[in-house]
Structures are given as structure tokens and as C-alpha cells.
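Note that the structure is a prediction, hence the values are computed from the model and not measured. Whatever order the structure lists ligands and atoms in, that order sets their numbers, starting from 1.
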Amino acid sequence: MFDGPFTESIIKRAVDAEVCEIEIVDIRDFTHDKHNTADDTPYGGGCGMVMKVEPVVEAVESVTKDSPDARVIYLSPQGPRFTQNKARELAALPHLVLLCGHYEGIDERAFELAVHEELSIGDYVLTGGELPAMVVADSVIRLLPGAVGNDASVQNDSFWNGLLDCPHYTRPEEYRGLRVPGVLLSGHHAKIDEWRHQQALEKTHRIRPDLYETYHSTDPQDEA
Ligand code: 9WO
């Protein structure tokens, strides 16, 4: 499942350039019985299955035992929201462990024994934590120094300043009667910056009033 995203494009190039290393660990390899049982029915009854504490804890310990600085993160809808600021925080750490649950989740004791932090990428339930783990990995890896394309464009990203991105255009100047806004063709860089900022403000106000409010309350310079 991880092979696709981690062997394509920018992430592959980052790994090839030794900007980071990625290791995939199969929790099932840390089961103790001959059927490799990683899940069991929940105490107290109810539907669904729970991931057993021993394989989860031992799988995590197998990658953290010689790495006291590793941060272990469990991906679940119950965590606080993953954001660009969190991506920046994680990009500064030497070793991340992204723990992926399945079924109804992991035995609560595994949190106490092996997890530092819980993160959610959004308010929806998936079949497992793998896709969110790849989302987190992708957003963190592209911020690492030396990751291909980590230059001005990454610093200039949507969210770098808490606003949504402005619209972008490339050739041709006209397509099916739709023209590129004249200001972008003017060569007037101060005007172009001003237009982009204005577009970003308007779009954020329209689509994400929550971000717009935060932006205004933290950047009084922009009251005008
Ligand atoms: C299953 C379930 C069934 C009935 C009522 C509530 C329920 N919650 C869950 C559940 O959270 N299952 C998870 C499946 C257990 C952990 C791995 N799975 C998961 C992770 N689904 N969605 C995520 C996830 C992780 C990060 N950000 C968004 C979603």
C-alpha cells in the first residue's frame, strides 16, 4: 500500500537523495501465535475488532529501541487536527514513527506504552491509518532541506502566511475566450504582488472565514 506514494515523484527523489529514510514495519510480524492474530474482540462487547496491545507495542519498540528521540504518532479521527504548522514542527524532528491502526483502533494501553501523540487529518473515518500516515509523511518530507523543489515555492505555499493560495495562470493568454488577468501580463511586480494578495484575501474570506478571522486577528497590519 505504501509503495505507490513512496516510490513516486518528489518523495522518491528525496529518499534517493538521502534527505530521509522510510521504513515500513508490518505489525503482523510482531504477533505471537501461529495464525498471526493482530486483532481480537472488544472487552465489554460490541461490534468490530480491536488491535491487540502486544503486537502494536512491540512493533513500535522495534523501531524506537535505539532511537530515544523518535516521536510516535497515531493517526486517528480522535486526534487534534494535523496542520501546516504541525508539519513544520514534525519536519524539525529527527525520527517520526507513524502508527497506523485498523478495525476500531488499538487497545487503549498501547497509547500509554508506545504513543506520544495522536493526529487527525480530517473529520472522516477511513478503513485504516495508512492513507493519513502517507499524507503526513508527504507534507513533512517536502519541507525537509534538500527535498527536490524545497525552495522559494515551498516557502511561498498556500498557508505559509495563513491564507489560501491566489489563482495561477500559464500559457496560453486566452483559452476558449477566457483571458489571463491583465495585471499578470503587465510586468509590474509590485502591482502583481498586491493583486495576488488581494485575491488570496478575498478567496480566504469566501471559502474559509475561520482562517480569514485568524489572519486578521494576528496581522493587524492588514486591516486596510
Ligand atoms: C471506527 C468506528 C466504527 C463505528 C463508530 C466509530 C468508529 N470509529 C472508528 C475508527 O476510528 N476506526 C479507525 C480506523 C481506527 C484507527 C484507524 N482507522 C482510521 C484512521 N480511520 N480514519 C482514520 C483517520 C486518521 C487520521 N485522520 C483522519 C482519519
Side-chain angles (χ1 to χ4, degrees), residues 1-11 14 20 22-33 35-64 70-93 95-144 157-159 162 164-165 207-208 210-211 214:
M1 187 169 183
F2 294 94
D3 257 16
F6 288 161
T7 60
E8 284 295 325
S9 187
I10 290 174
I11 303 305
C20 63
I22 300 176
E23 183 187 2
I24 310 295
V25 174
D26 188 348
I27 293 171
R28 204 178 280 285
D29 293 343
F30 296 84
T31 53
H32 296 285
D33 63 313
H35 295 112
N36 297 126
T37 311
D39 62 320
D40 205 342
T41 54
Y43 276 119
C47 59
M49 299 294 271
V50 176
M51 286 181 71
K52 291 167 68 59
V53 62
E54 310 97 307
V56 169
V57 168
E58 287 161 38
V60 171
E61 284 174 350
S62 76
V63 291
T64 58
R71 172 99 61 105
V72 182
I73 297 170
Y74 180 63
L75 289 310
S76 100
Q78 278 74 46
R81 185 66 57 85
F82 179 67
T83 62
Q84 188 65 27
N85 281 339
K86 179 57 80 171
R88 291 193 194 101
E89 177 191 327
L90 299 184
L93 299 177
H95 187 177
L96 302 180
V97 179
L98 303 174
L99 176 61
C100 306
H102 251 255
Y103 317 110
E104 312 304 298
I106 59 177
D107 186 302
E108 190 66 20
R109 292 166 292 186
F111 283 97
E112 235 171 286
L113 293 168
V115 175
H116 297 124
E117 184 172 356
E118 196 168 5
L119 289 177
S120 166
I121 64 161
D123 293 336
Y124 32 77
V125 178
L126 304 168
T127 56
E130 291 87 350
L131 290 166
M134 287 186 260
V135 167
V136 169
D138 188 280
S139 66
V140 169
I141 290 169
R142 66 186 284 283
L143 295 177
L144 298 177
D157 268 345
S158 175
F159 284 116
L164 300 185
D165 212 356
I207 312 270
R208 292 291 304 275
D210 56 322
L211 290 179
T214 306

| query | Among C100, G122, P77, whose heavy atom sits nearest atom 20 (C) of ligand 1? | reply | P77
| note | heavy-atom search around atom 16 (C) of ligand 1 in the protein gives Y74 OH, 3.2 Å
| request: Give yes or no for whether the N/O distance cutoff of 3.5 Å, strictly under, is met between G101 and ligand 1. | output: no
| said: Rounded at 0.5 Å granularity, tell me how far NE2 in H116 sits from CG in L99. | reply: 11.5 Å
| request: Among all protein heavy atoms, pick out the one at the shortest distance from atom 21 (N) of ligand 1; state its residue, atom name and that distance to 0.1 Å. | output: L126 N, 3.0 Å
| message | For the 3.5 Å polar cut-off, considering only N or O atoms, please tell me whether L75 and ligand 1 meet it. | response | no
| task | Note the single closest protein heavy atom to atom 13 (C) of ligand 1, along with its residue, its atom name and the distance in Å. | result | Y103 O, 3.7 Å
| query | For ligand 1, which atoms, with element, lie under 4.0 Å from some heavy atom of G105? | reply | 15 (C)
| note | So side chain to side chain donor-acceptor pair (under 3.5 Å) across residues 1-11, not counting sequence neighbours, yields none
| Mind checking whether L119 has a heavy atom under 4.0 Å from ligand 1? | yes
| Cationic N near anionic O, under 4.0 Å, R109 to E112 | no
| query | Between I106 and Y74, which heavy-atom pair has the shortest distance, and what is it? | reply | N-OH, 3.5 Å
| H95 to V63 - nearest heavy-atom pair and separation | CE1-O, 3.4 Å
| query | Hey, is P132 touching ligand 1 through its side chain, its backbone, both or neither, going by heavy atoms under 4.0 Å? | reply | side chain
| Where is the nearest protein heavy atom to atom 10 (C) of ligand 1: which residue, which atom, and how far? | V125 CG1, 4.0 Å
| field | Nearest-0.5 Å distance that lies between atom CZ in F6 and atom CE in M134 | value | 6.5 Å
| If only atom types and distance count, is the side chain of T37 paired as donor or acceptor with the main-chain N or O of D39 below 3.5 Å? | no
| Sidechain-backbone polar pair: T214 side chain, D210 backbone, donor-acceptor under 3.5 Å | yes
| Verify atom 28 (C) of ligand 1: protein non-hydrogen atom under 4.0 angstrom away | yes
| note | re atom 3 (C) of ligand 1, the protein heavy-atom contact at minimum distance is E104 OE1, 3.0 Å
